Asks: 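Handing you a structure now.
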Amino acid sequence: MHFPKGFKEKYYNLLGEEAPSFFLTFDEEPVSAFRVNPLKEHQKHFLNPISNTNWGYYGKISGKSIEHVTGLVYSQEPAAQMVAQIAAPRQDMKVLDLAAAPGGKSTHLLSYLNNTGVLVSNEINSKRSKVLVENIERFGARNVVVTNESADRLSQVFQGYFDLIVLDAPCSGEGMFRKQPEAMEYWNESYPTRCAQVQREILENTVKMLATNGELIYSTCTWSPEENEQIVDWLLENYPLELVEIPKINGMIAGINFPETARMYPHRFKGEGQFVAKFRLCSKQSAKKLKVKKSHLTSEQKMLWQKFQREHLAIDLTGELQTFGDHLYLLPLGLPDMSKLKIARNGLYLGVFKKKRFEPSFALGLALKPNEVKRVIEIDEEQFKKYVVGEIVNLDQKYGNGWYQIIVQGNGLGFAKVTGNILKNYFPKGLRFQ
């Protein structure tokens, strides 16, 4: 592999006698891995688990597989999996994933939260935020809001609010050179220093959003000390934060001058490159007073939703109902007024009101477990292949007309309408296979 000018010299100086082993890994294949989704009712046995993880496995998953389409698995390389594992939020926590796209860390955090508390998953780039929404919907979580904002605008709304913030900061991307060689095109000897300035600007607003005793996970996919340990030093010097020890597993090593932090090198850790530091806020921080938000649900809309819920769901969904036009959403409880923020997904999208009826969303059919729905239809693999390309499916028997949750290999694939023995196609056009 041909490296940018100055890169090899930098890491020969930093790694010394380990440098040859480090550089040899760039001629090897990147390590593929995935996580299983504990929110799904029907689990499957996979081989090659990643040691010391709850849900991680080595291997590749096809984007057209049933496991992927139903949200049972999420592709994420092993080093990136360590970030949310180090964060390990407890249930009922209020959590922010500040630079979240494409969604690997957010979906991992949601695995720990188990549909409790709240996750605000933010991505400043609007195009990438749409990918984030798609991945979170497929995962089937109910307690997440996706925002499309800068850290400074978020901090005006969420001052002192979050128990845990994960910032996988924009960085020089050195740890991804093997997986994404195009990242080398941007690298030069001054690039890490420029990235570090951006990181400090984001962190200035990040710390404002921590609740008293809140935790901050700071990570990068680079090995550059300018963006890692020098940022740690700057945070400790300027804010009432203390470092929390990160257990070193699977070949992690301690950071430079900060043994509490963790570095992942590909010649030691089976994965790509990552740095992680964990902090705790050591001072009290007052939160903004929460404003009571109005739902704007009309009495007719409320009646139509309650009728659908009564006839089709075996559970009561808890949360705050909100409408945007004719679209109905379920927000986690206890959120501040977010009306001044750009929202990409305002909680769980429940469905749409149409001419005195309510139509459930694809997202709702992914988020509900089969035992939480009164009427389900299981389709087989051949029927699945027809369904995901947009075809209607002929069923082997007649059913009562109406809405059913579609089940494939034990997990939901949205809602669809049935007329007799015809399953109409409600698989979203933007997701259909060619």
Side-chain angles (χ1 to χ4, degrees), residues 1 3 21-40 43-87 97 99-112 128 131-132 134-140 166 168 171-185 219-223 248-253 262-276 388 409 411 431 433:
M1 184 178 282
F3 294 101
S21 299
F22 168 71
F23 282 108
L24 280 174
T25 64
F26 288 90
D27 294 321
E28 298 171 1
E29 283 292 310
V31 179
S32 297
F34 62 92
R35 299 187 334 272
V36 297
N37 179 357
L39 305 184
K40 297 295 176 177
Q43 296 293 315
K44 186 175 177 180
H45 177 70
F46 293 100
L47 302 174
N48 301 322
I50 300 175
S51 300
N52 302 305
T53 69
N54 291 326
W55 304 293
Y57 292 83
Y58 295 110
K60 289 185 178 180
I61 291 289
S62 166
K64 292 188 175 183
S65 66
I66 290 172
E67 294 85 356
H68 178 264
V69 176
T70 58
L72 178 62
V73 296
Y74 188 101
S75 292
Q76 188 182 33
E77 68 88 15
Q81 289 188 29
M82 293 299 109
V83 179
Q85 177 161 322
I86 289 164
D97 185 0
K105 293 170 184 71
S106 282
T107 52
H108 202 173
L109 294 165
L110 289 164
S111 298
Y112 285 95
R128 282 167 58 82
V131 176
L132 175 61
E134 185 182 308
N135 284 328
I136 281 177
E137 286 198 344
R138 187 184 300 112
F139 206 73
V166 174
D168 188 42
C171 68
S172 59
E174 296 168 353
M176 302 303 288
F177 282 3
R178 180 170 68 173
K179 189 178 179 183
Q180 298 170 348
E182 64 272 16
M184 287 190 282
E185 295 172 17
S219 66
T220 69
C221 57
T222 192
W223 300 292
K248 310 302 185 289
I249 61 170
N250 299 359
M252 294 179 184
I253 64 169
R263 281 179 163 257
M264 280 152 266
Y265 288 106
H267 65 292
R268 286 176 169 267
F269 183 98
K270 191 178 177 182
E272 307 312 302
Q274 198 82 40
F275 171 86
V276 189
V388 293
Q409 292 186 358
N411 291 313
L431 299 179
F433 298 172

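We number each residue from 1, following the sequence as shown. Side chains are part of it too, since the values below use all heavy atoms of this structure and drop only hydrogens, waters and symmetry mates. The structure presented is a predicted model; accordingly, all values stated were derived computationally and were not measured.
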Asks: Run the salt-bridge test on Asp97 and Lys105 with the 4.0 Å N-O cut-off and return the result as yes or no.
Replies: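 Result for this pair is no, no salt bridge flagged.
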Asks: Could you tabulate the donor-acceptor pairs under 3.5 Å formed by side-chain atoms of residues 43-56, not counting sequence neighbours?
Replies:
unit_1, atom_1, unit_2, atom_2, d
Gln43, NE2, Asn37, O, 2.9
Gln43, NE2, Lys40, O, 2.8
Lys44, NZ, Glu67, OE2, 2.1
Asn52, ND2, Asn250, OD1, 2.7
Thr53, OG1, Ile50, O, 2.8
Thr53, OG1, Gly56, N, 3.2

Asks: Nearest 0.5 Å, please: how far is CE in Met176 from CD in Glu182?
Replies: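 Between Glu182 CD and Met176 CE, I get 9.0 Å after rounding to 0.5 Å.
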Asks: Heavy atoms, side chains only, cut-off 4.5 Å: are Pro78 and Lys270 in contact?
Replies: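 Side-chain contact under 4.5 Å: no.
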Asks: Carefully, step by step, assess Val69 and Phe433 under the rule side chain to side chain contact (heavy atoms under 4.5 Å, CB included).
Replies: CA-CA 11 Å; Val69 176; Phe433 298 172; 3.6 Å; yes
Asks: Looking at Thr222, is its backbone amide N or carbonyl O close enough to the side chain of Gln274 to form a donor-acceptor pair, meaning the two atoms are under 3.5 Å apart?
Replies: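 No.
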Asks: Quick check on Glu29: does its CD atom have over 12 non-hydrogen neighbours (other residues, nucleotides or ligands) under 6.0 Å away?
Replies: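 Result for CD/Glu29: open.
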Asks: Could you pull out the closest heavy-atom pair between Ser111 and Phe139, with the gap in Å?
Replies: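 Scanning both residues, the minimum pair turns out to be OG-CZ, 3.3 Å.
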Asks: Where do Ile253 and Arg263 land on the side chain to side chain contact (heavy atoms under 4.5 Å, CB included) test, with the steps shown first?
Replies: CA-CA 5 Å; Ile253 64 169; Arg263 281 179 163 257; 4.0 Å; yes
Asks: Could you tell me whether the side chain of Val388 reaches within less than 4.5 Å of the side chain of Lys64, counting heavy atoms only?
Replies: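 Lys64 does not reach Val388 side chain to side chain.
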Asks: What is the distance from atom CG of Asn135 to atom CZ of Arg138, rounded to the nearest 0.5 Å?
Replies: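 One finds 5.0 Å between CG of Asn135 and CZ of Arg138.
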Asks: Can you tell which of Gln81, Gln76, Gln85 makes a side-chain hydrogen bond (donor to acceptor under 3.5 Å, both in side chains) with Arg35?
Replies: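 Single pass found, and it is Gln76.
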Asks: I would like to know whether Glu134 and Leu431 meet side chain to side chain contact (heavy atoms under 4.5 Å, CB included); could you show each step before the answer?
Replies: CA-CA 9 Å; Glu134 185 182 308; Leu431 299 179; 3.5 Å; yes
Asks: Please report the interatomic distance OG(Ser106) to CG(Leu132), rounded to the nearest 0.5 Å.
Replies: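 Taking OG in Ser106 and CG in Leu132, the distance rounds to 5.5 Å.
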Asks: Would you check if Tyr74 and Pro102 make a side-chain contact, meaning some heavy-atom pair closer than 4.5 Å?
Replies: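 In short, these two side chains touch, coming nearer than 4.5 Å.
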Asks: Closest approach of Lys179 and Pro30, non-hydrogen atoms and distance?
Replies: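 In terms of heavy atoms, the two residues are closest at CA-CG, 3.8 Å.
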Asks: Ring-plane angle category for Trp223 and Tyr265, please: parallel below 30°, perpendicular beyond 60°, tilted otherwise.
Replies: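 Ring orientation, 0 to 90° scale: parallel.
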Asks: Please report the interatomic distance SG(Cys221) to CD(Gln180), rounded to the nearest 0.5 Å.
Replies: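 Rounded to the nearest 0.5 Å, the SG-CD separation comes out at 8.0 Å.
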Asks: Excluding sequence neighbours, so at least two apart, what forms salt bridge (Lys or Arg N to Asp or Glu O under 4.0 Å) with Arg128?
Replies: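 So Arg128 forms a salt bridge (Lys or Arg N to Asp or Glu O under 4.0 Å) with Glu123.
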Asks: Angle between ring planes, His267 versus Phe22, binned at 30° and 60°: parallel, tilted or perpendicular?
Replies: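 Ring orientation, 0 to 90° scale: perpendicular.
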Asks: Grab the two heavy atoms, one from Ser65 and one from Ser62, that are nearest each other, plus how far apart they are.
Replies: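 Heavy atoms only, the tightest pair is OG-O, 2.8 Å.
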Asks: To the closest 0.5 Å, what do you measure between OG1 (Thr70) and CD (Gln409)?
Replies: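 Going from OG1 on Thr70 over to CD on Gln409, the span is 7.5 Å.
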Asks: From Ser219 OG over to Phe275 CZ, what is the distance, rounded to the nearest 0.5 angstrom?
Replies: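 That separation rounds to 9.5 Å.
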Asks: Could you work out, with salt bridge (Lys or Arg N to Asp or Glu O under 4.0 Å) as the rule, every residue matching Glu272, not counting sequence neighbours?
Replies: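 Result, salt bridge (Lys or Arg N to Asp or Glu O under 4.0 Å) vs Glu272: Arg178.
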Asks: Closest heavy-atom contact between Met252 and Lys248?
Replies: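 Taking every non-hydrogen atom into account, O-CB, 3.8 Å.
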